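A short write-up of the structure that comes next.
It should be emphasised that the depicted structure is a prediction, and the values quoted were computed from it without experimental measurement. First listed ligand is number 1; within each ligand, the first listed atom is number 1.
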Amino acid sequence: MSVNNKFEPCDFVLYGTRGDLARRKLLPSLYQLEKAQLIHPETKLIGVARQTMSAEEYAQMVDENVRNFTKDEICEDSLARLKARCEYVEMDFTKMDDYKGLCRFTDPERVMVCYFSTPPSVFSDICKGMKHAGVIDDSVRVVLEKPIGHDLDSSKVINNQVAEYFNESQIYRIDHYLGKETVLNLIALRFANSLFTNNWDHNCIDHVQISVAESVGIEGRWGYFDEAGQMRDMVQNHLLQILTLIAMEPPTTLDADSIRDEKLKVLKALRKIDVSNVREKTVRGQYTRGFVMGKEVPGYLEEEDANTRSKTETFVALKAEIDNWRWAGVPFYLRTGKRLPSKTSEVVIYFKSQPHNLFKDSFPELPPNKLKIRLQPDEGVEVTVMNKLPGLNNTKSMDLQKTKLNLSFSETFKDERIADAYEKLLLEVMMGNQALFVRRDEVEAAWAWVDGIIDAWKQTKEPPAPYQAGSWGPVASIALLAREDRAWYESK
Ligand SMILES: NC(=O)C1=CN([C@@H]2O[C@H](COP(=O)(O)OP(=O)(O)OC[C@H]3O[C@@H](n4cnc5c(N)ncnc54)[C@H](OP(=O)(O)O)[C@@H]3O)[C@@H](O)[C@H]2O)C=CC1
Ligand SMILES: O=C1O[C@H](COP(=O)(O)O)[C@@H](O)[C@H](O)[C@H]1O
């Protein structure tokens, strides 16, 4: 990998360092960056949690978690370098005097990156505590984990709390899908290839499908998930971010605000869904007992800690429409759910059919060209085209075959390791680049649209439709497209 990222050393403060996200994702990602020699040699890692621990014990905790959650063989030198950076501050986030401990390790001359890997309910306490300790200045960057709120109003409360202490240029809101290699590739694919750039609108595209299927269930997070549901957990953030990258106008540059301005316009142009059309445009589902990859799994209401009367959705399918010039009349169908047959995220662009079929003798229905972007796993790009079957038969009855031009990342970029999304995002925040982080107005525009749908669901009082774990969701999601003479792309 050739990397030319030059950046200053920083004090990287990890609030909530003993939590699930920090242990499973953030510490292993920091290790990978260390291994790739992308962390400045003088950068410090300052873990913050409420347990009593020495810096050595913290380094040992880092060691254990990196080993537990790293798939490839550990590079001992790199891990030793990461451990040598470790400092630890014991703190209860609600106790202001505990923050003084930070000053022992942070240097006001350096950038401080503060990762809030905590519930949003303590974001405000942490900001207040940092102010109390006198460590806030213009060089501090704060990273906020999702969810930013439960709806538009609560997201405004959180954003206002943080904005009392930091300006927008210091705030990095994480949506980890924006760190995924293939999601970023959407920008390259669209704007570095005239083949796509010039055919990317209602004249050429019939419709777009975005599917993010998960084979996992609730993974011990019933309490959180039941409050959220798949709409807040996945659609409000990840799916809408993918949609904006597909639908946005070309940004003037790759600068953060240039990209984010264009994404915002898309979110604002989403046509409202309300109680008058929510039944026609959306489907909610909840999984029941079934089999996923040959293994029997419990239904949502049978999961540990479940409230057996819950009406929370674990599946959403919907038809989104973008009211602007480029996308007039082009539906974007979104689908995401837990306990689907496999973990597969993909975007499929269906181009319009040819206006006249020259080949009807051999091919009465010419299928449309499709561009499939496989986000995960088996990352890649695939274009379905019609090709002449080799042979000497009469030109008038030329035989055609549907063929795939397939670019598989793992085959094409054999020597490149595909980095985890958090590695990319941690590096970007250390470099001070906000392009892959979500701006406040984007979060709020996404909530405004999603709130409308959730309100409409409440008004209809209809429970989510059951679907068997291991299936592709309720049959109503098939009908959502069938009504318009379309079908979901069949994922494997
Ligand atoms: N886990 C994941 O995969 C994902 C998580 N997120 C988000 O990331 C954030 C963190 O999630 P996750 O790691 O799962 O949550 P956890 O509950 O596992 O971790 C939160 C950490 O914050 C600490 N904490 C909470 N309150 C205080 C306090 N008053 N003083 C000191 N420490 C405190 C907890 O300490 P203690 O251990 O002592 O209780 C805990 O270690 C959340 O906002 C979550 O929504 C987002 C996407 C995925
Ligand atoms: O943010 C979240 O994302 C995961 C899915 O992420 P992926 O990178 O594994 O595709 C989801 O399972 C989780 O519920 C949600 O909070």
In this structure, does ligand 2 have an atom that sits under 4.0 Å from one of the heavy atoms of Y177? yes
Under 3.5 Å between some N or O of ligand 1 and some N or O of D20? yes
In the protein, which heavy atom is nearest to atom 6 (O) of ligand 2, and how far is it? H176 NE2, 3.2 Å
heavy-atom search around atom 3 (O) of ligand 1 in the protein gives R24 NH2, 2.7 Å
Which atoms of ligand 1 have any heavy atom of P147 under 4.0 Å away? 45 (O)
For atom 8 (O) of ligand 1, what is the nearest protein heavy atom, given as residue, atom name and distance? E145 CG, 3.3 Å
Under 3.5 Å donor-acceptor, S215 side chain and S342 backbone: no
Can you pull out the closest protein heavy atom to atom 22 (O) of ligand 1? Residue, atom name and distance to 0.1 Å, please. G16 CA, 3.8 Å
Aromatic contact between Y115 and Y15, with the criterion being ring centroids under 6.0 Å apart: yes or no? no
Does any N/O atom on F93 come nearer than 3.5 Å to any N/O atom on ligand 1? yes
Judged on heavy-atom distance to atom 35 (O) of ligand 1, which of R50, R221, K146, K95 sits nearest? R50
Would one find an N or O of D92, backbone or side chain, under 3.5 Å from an N or O of ligand 1? yes
Considering only heavy atoms, does E214 approach ligand 2 within less than 4.0 Å through its side chain, its backbone, both, or neither? side chain
Taking G229's backbone N and O only, do any of them form a donor-acceptor pair with D233's side chain (distance below 3.5 Å, no angle check)? no
Nearest non-hydrogen protein atom, atom 48 (C) of ligand 1: L21 CD1, 4.1 Å
Might you check, step by step, whether the distance between atom 17 (O) of ligand 1 and some protein heavy atom is under 4.0 Å? no
Sub-3.5 Å N/O-N/O distance, Y224 and ligand 1: no
Can you tell if the side chain of D11 reaches within under 4.5 Å of the side chain of K44, non-hydrogen atoms only? yes
So, Q170 side chain and V142 main chain: donor-acceptor pair closer than 3.5 Å or not? no
Atoms of ligand 1, numbered as shown, that sit under 4.0 Å from any heavy atom of M91: 30 (N), 31 (C)
May I ask you to check whether A49 has an N/O atom sitting below 3.5 Å from an N/O atom of ligand 1? no
Going by distance only, is there an N or O of Y422 that falls short of 3.5 Å from an N or O of ligand 1? no
Tightest non-hydrogen contact, residues A22 and G16, listed as CB-O, 3.5 Å
Validation row: F123, D125 side chains within 4.5 angstrom (heavy atoms): no
I'd like to check which ligand 2 atoms, numbered from 1 as shown, lie under 4.0 Å from a non-hydrogen atom of K343. 7 (P), 9 (O), 10 (O)
Counting only heavy atoms, tell me which of G19, A228, S121 gets closest to atom 40 (C) of ligand 1. G19
Among T182, T344, N406, find the one that has a side-chain hydrogen bond (donor to acceptor under 3.5 Å, both in side chains) with R374. N406
Under 4.0 Å, heavy-atom basis, I'd like to know which part of Q51 is in contact with ligand 1: side chain, backbone, both or neither. side chain
Between Y99 and H132, ring centroids under 6.0 Å: no
Exactly one of L240, V316, V212 should register a side chain to side chain contact (heavy atoms under 4.5 Å, CB included) with L334. Which one does? L240
With a cut-off of 4.0 Å, which atoms of ligand 2 are near a heavy atom of R221? 13 (C), 14 (O), 15 (C), 16 (O)
For P119 and ligand 1, does the shortest N/O to N/O distance drop below 3.5 Å? no
Atom indices of ligand 2 within 4.0 angstrom of D233 heavy atoms, with elements: 13 (C), 14 (O), 15 (C), 16 (O)
Suppose we measure from atom 43 (O) of ligand 1 to each protein heavy atom; which comes out shortest, and what is that distance? T118 O, 2.9 Å
Is the H176-Y422 ring centre distance short of 6.0 angstrom? yes
Would you mind running through ligand 2 and noting each atom that sits below 4.0 Å from a heavy atom of K338? 11 (C), 12 (O), 13 (C), 14 (O)
Kindly say whether L178 contributes a backbone atom to a donor-acceptor pair with the side chain of Q241 at under 3.5 angstrom? no
Which of the numbered atoms in ligand 2 are below 4.0 angstrom from a heavy atom of K180? 7 (P), 8 (O), 10 (O)
Atom 29 (N) of ligand 1 within contact range, any protein heavy atom under 4.0 Å: yes
Taking 4.0 angstrom as the limit and counting only heavy atoms of R18, give me the atoms of ligand 1 inside it, by number and element. 41 (O)
Nearest protein heavy-atom contact for atom 20 (C) of ligand 1: which residue, which atom, what distance? S117 O, 3.7 Å
Can you confirm whether or not the ring centre of Y467 sits under 6.0 Å from the ring centre of W472? no
Ligand 1 to P120, heavy atom cutoff 4.0 Å, flagged ligand atoms 43 (O)
Does E303 reach the main-chain N or O of G220 with its side chain, forming a donor-acceptor pair under 3.5 Å? no
Can you tell me if T412 uses its side chain to pair, donor with acceptor, with the backbone of S408 under 3.5 Å? yes
For E168, is there any backbone N or O sitting under 3.5 Å from a side-chain donor or acceptor partner on Q434? yes
Hey, is the main chain of G473 close enough, under 3.5 Å, to the side chain of S477 for a donor-acceptor pair? no
